2 protein chains.
Amino acid sequence: MTRSEENYIKTIFHLGGNDTTLISTNAIAEQMETKPSSVTDMARKLAKKGLLYYKKYQGVSLTDIGVKTALSIIRKHRLWEVFLVKKLDFSWDEVHEVAEQLEHIKSEKLIDKLDELLDFPKYDPHGDPIPSKDGKFMERDKQLLSEIPINTKGVCVGVKDTSSTFLKFLDKNNIALGNTIEVLEKEEFDQSLHIQMSGKELHISHQIASNLYVKLND
Amino acid sequence: MTRSEENYIKTIFHLGGNDTTLISTNAIAEQMETKPSSVTDMARKLAKKGLLYYKKYQGVSLTDIGVKTALSIIRKHRLWEVFLVKKLDFSWDEVHEVAEQLEHIKSEKLIDKLDELLDFPKYDPHGDPIPSKDGKFMERDKQLLSEIPINTKGVCVGVKDTSSTFLKFLDKNNIALGNTIEVLEKEEFDQSLHIQMSGKELHISHQIASNLYVKLND
DNA sequence: AATTAAATTTAGACAAATCTAAAAATTTGT
DNA sequence: ACAAATTTTTAGATTTGTCTAAATTTAATT
């Protein structure tokens with residue numbers, strides 16, 4: 001598989017192509033910052049290779065092989081992200097770009113050994129699950145901070161927005177995965193939240209709260 | 001720089017292009033398993049980019065920028081090789097292929113942090129020197145085992161042939177970098193050697209001895 | 001249901017990197 | 001030094017992945 005083919009497969013997966021829902025060429029083009037006509041060409045090619053189904057004018061969906069391929073690429077991407085953070089002291093807003101390159105390195109041994117070096121991590125630095133060698137992964141039971149009731153406590157386990165600006169903002173406010181958060185109060189007016197975290201009280205906007213995942217304490 | 005451009009620069013450097021000697025397009029083509037006409041095209045392109053001098057029908061040599069570029073790629077390649085051996089338990093005959101891919105990853109921070117993780121190694125798993133960030137490196141003072149006199153002792157510090165078959169052969173015979181070797185006797189007939197290593201006596205062919213580097217004890 | 005709007009595909013072109021076959025330059029051999 | 005052999009370059013074609021602009025299909029609107 002070429003790098004370009006891999007990027008298409010990965011994008012289609014992220015757009016929800018793991019079930020039979022058809023993904024439009026337009027949606028893919030937009031996500032990949034390319035033109036719909038280019039997507040059409042590639043869709044044909046990947047369909048012929050058996051990685052996806054392509055219905056003219058309707059869109060594409062991944063075949064079983066396509067899904068397996070996507071999970072393998074995502075596994076590599078997320079393992080490399082863990083490596084960058086845990087072994088090379090990258091911050092979580094710096095890893096994506098480099099992992100985009102590293103995910104295309106072809107060596108099964110490399111990725112298995114990397115997995116071992118990192119002690120078989122289950123989640124990447126943004127809280128996203130890392131598929132196992134055989135393509136299984138557990139999506140964590142989690143909710144957006146903006147959607148949990150007042151006076152409940154949860155642990156911060158992930159981010160929805162993984163943009164550099166958002167992650168840097170979180171760093172600046174000492175919001176990190178693993179922190180325990182309690183919702184003290186919700187402002188009716190702008191849906192901003194008063195929360196307690198690491199002993200301190202904090203006021204955060206709805207925009208922030210709707211991009212932070214927490215796992216409720218059981 | 002594209003991956004292809006980087007491979008050309010690296011190959012030209014290895015063919016001796018770090019001085020003003022002109023390297024023929026044929027030699028480059030043979031080394032890279034491509035056609036001379038392809039080399040001509042790329043030579044033009046790289047000359048226009050200022051990475052090498054190209055004299056029609058004469059050959060190419062790297063500019064200062066070209067040499068710097070080559071050293072940067074070689075630095076990456078060798079650091080990744082060390083990583084694979086030291087951190088991921090690859091054997092020295094497995095690293096080349098993967099390092100060929102990893103050397104093209106673009107991130108200065110990545111390579112600097114990797115250098116740090118590995119404790120700033122000076123040599124790769126085959127004994128070849130690793131250029132520093134600013135392109136300096138020390139070629140070790142070494143000699144081929146086949147060329148040192150009888151009854152001298154040396155430490156095995158490198159291999160000339162880095163092919164998988166040769167490296168596997170060395171493994172099988174417990175010959176590794178760092179071992180102390182003493183030449184006991186040379187056979188006039190076939191120039192094979194009787195050596196002492198790790199307490200044991202060994203008989204090795206000229207072919208082996210002329211692909212092993214040793215550093216004489218001082 | 002007809003027309004307009006939007007999405008998608010087709011057709012043709014382009015850049016990068018390569019190749020083959022023919023032409024040109026250089027080197028070699030006598 | 002001149003012809004033959006070798007090396008190198010040129011010219012034109014190919015593949016991959018992309019693009020633009022035009023044509024076609026599907027969806028939306030009244």
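Fair warning: this is a prediction, and the values are worked out from it, not measured in the lab. A note on names: the letters A, B, ... follow the listed sequences, proteins ahead of strands, and every chain is numbered from 1. Any value given below was found using the heavy atoms of this structure, including those in side chains, with hydrogens, waters and symmetry copies removed.
Classification of the B/F166-B/F169 ring pair by plane angle, with boundaries at 30° and 60°, yields parallel.
Side-chain N or O atoms of B/S192 include none that pairs as donor or acceptor with a backbone N or O of B/E187 at under 3.5 Å.
B/M42 has its CE atom 15 Å from the P atom of D/dT9, to the nearest Å. Following rounding to the nearest Å, A/K55 (NZ) and D/dT25 (P) show an atom-to-atom distance of 18 Å. In this structure, A/R44 places its CZ atom 16 Å from P of D/dT16, rounding to the nearest Å. C/dT20 atom C1' lies 13 Å from atom CG of B/D41, rounded to whole Å. Rounded to an integer number of Å, the gap from NZ of A/K49 to C1' of D/dT16 is 11 Å.
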For nucleotides 2-7 of chain D, print each protein N/O atom paired with a nucleotide N/O atom at under 3.5 Å, atom names and distance only.
none

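Annotation: cation-pi geometry satisfied between B/R140 and B/Y123 (NZ/CZ under 6.0 angstrom from ring centroid, within 45° of ring axis).
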> Between A/H126 and A/H96, does a ring pair (Phe, Tyr, Trp, His ring centres under 6.0 Å) hold up when you go through it step by step?
Replying inline: CA-CA 10 Å; A/H126 312 107; A/H96 189 74; 7.4 Å; no
> Could you walk me through whether A/Y8 and A/F13 pass the ring pair (Phe, Tyr, Trp, His ring centres under 6.0 Å) check?
Replying inline: CA-CA 9 Å; A/Y8 274 96; A/F13 181 89; over 10 Å; no
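With sequence neighbours left out, B/H104 forms a ring-ring contact (aromatic ring centres under 6.0 Å, His included) with no residue at all. Partners of A/D112 by salt bridge (charged side-chain N to carboxylate O under 4.0 Å, His left out), not counting sequence neighbours, listed by chain and number: A/R75, A/K133.
Annotation: proximity of residues 27-38 of chain A to DNA chain D (heavy atom, distance under 4.0 Å) is found for A/T34, A/K35, A/S37, A/S38, numbered in ascending order. Using a 4.0 Å cut-off on heavy atoms, the residues of residues 3-11 of chain B that approach DNA chain C are B/S4, B/Y8, listed by number.
Side-chain atoms of B/N26 and B/S24 include no donor-acceptor pair closer than 3.5 Å. For the residue pair B/T2/B/S4, the side-chain donor-acceptor check at 3.5 Å is not satisfied.
For residues 2-11 of chain A, the set of pairs meeting the salt bridge (Lys or Arg N to Asp or Glu O under 4.0 Å) definition, not counting sequence neighbours, comprises A/E5-A/K45, A/E5-A/K49, A/E6-A/K106, A/K10-A/E100, A/K10-A/E103.
Counting only heavy atoms from C-beta on, A/Y54 has its side chain closest to C/dT9 among C/dT10, D/dT18, C/dT9.
Of the side-chain N and O atoms in B/K56, one or more sit less than 4.0 angstrom from OP1 or OP2 of D/dT10.
Minimum interatomic distance between A/P129 and A/R78 (heavy atoms only, all atoms of both residues): O-NH1, 2.6 Å.
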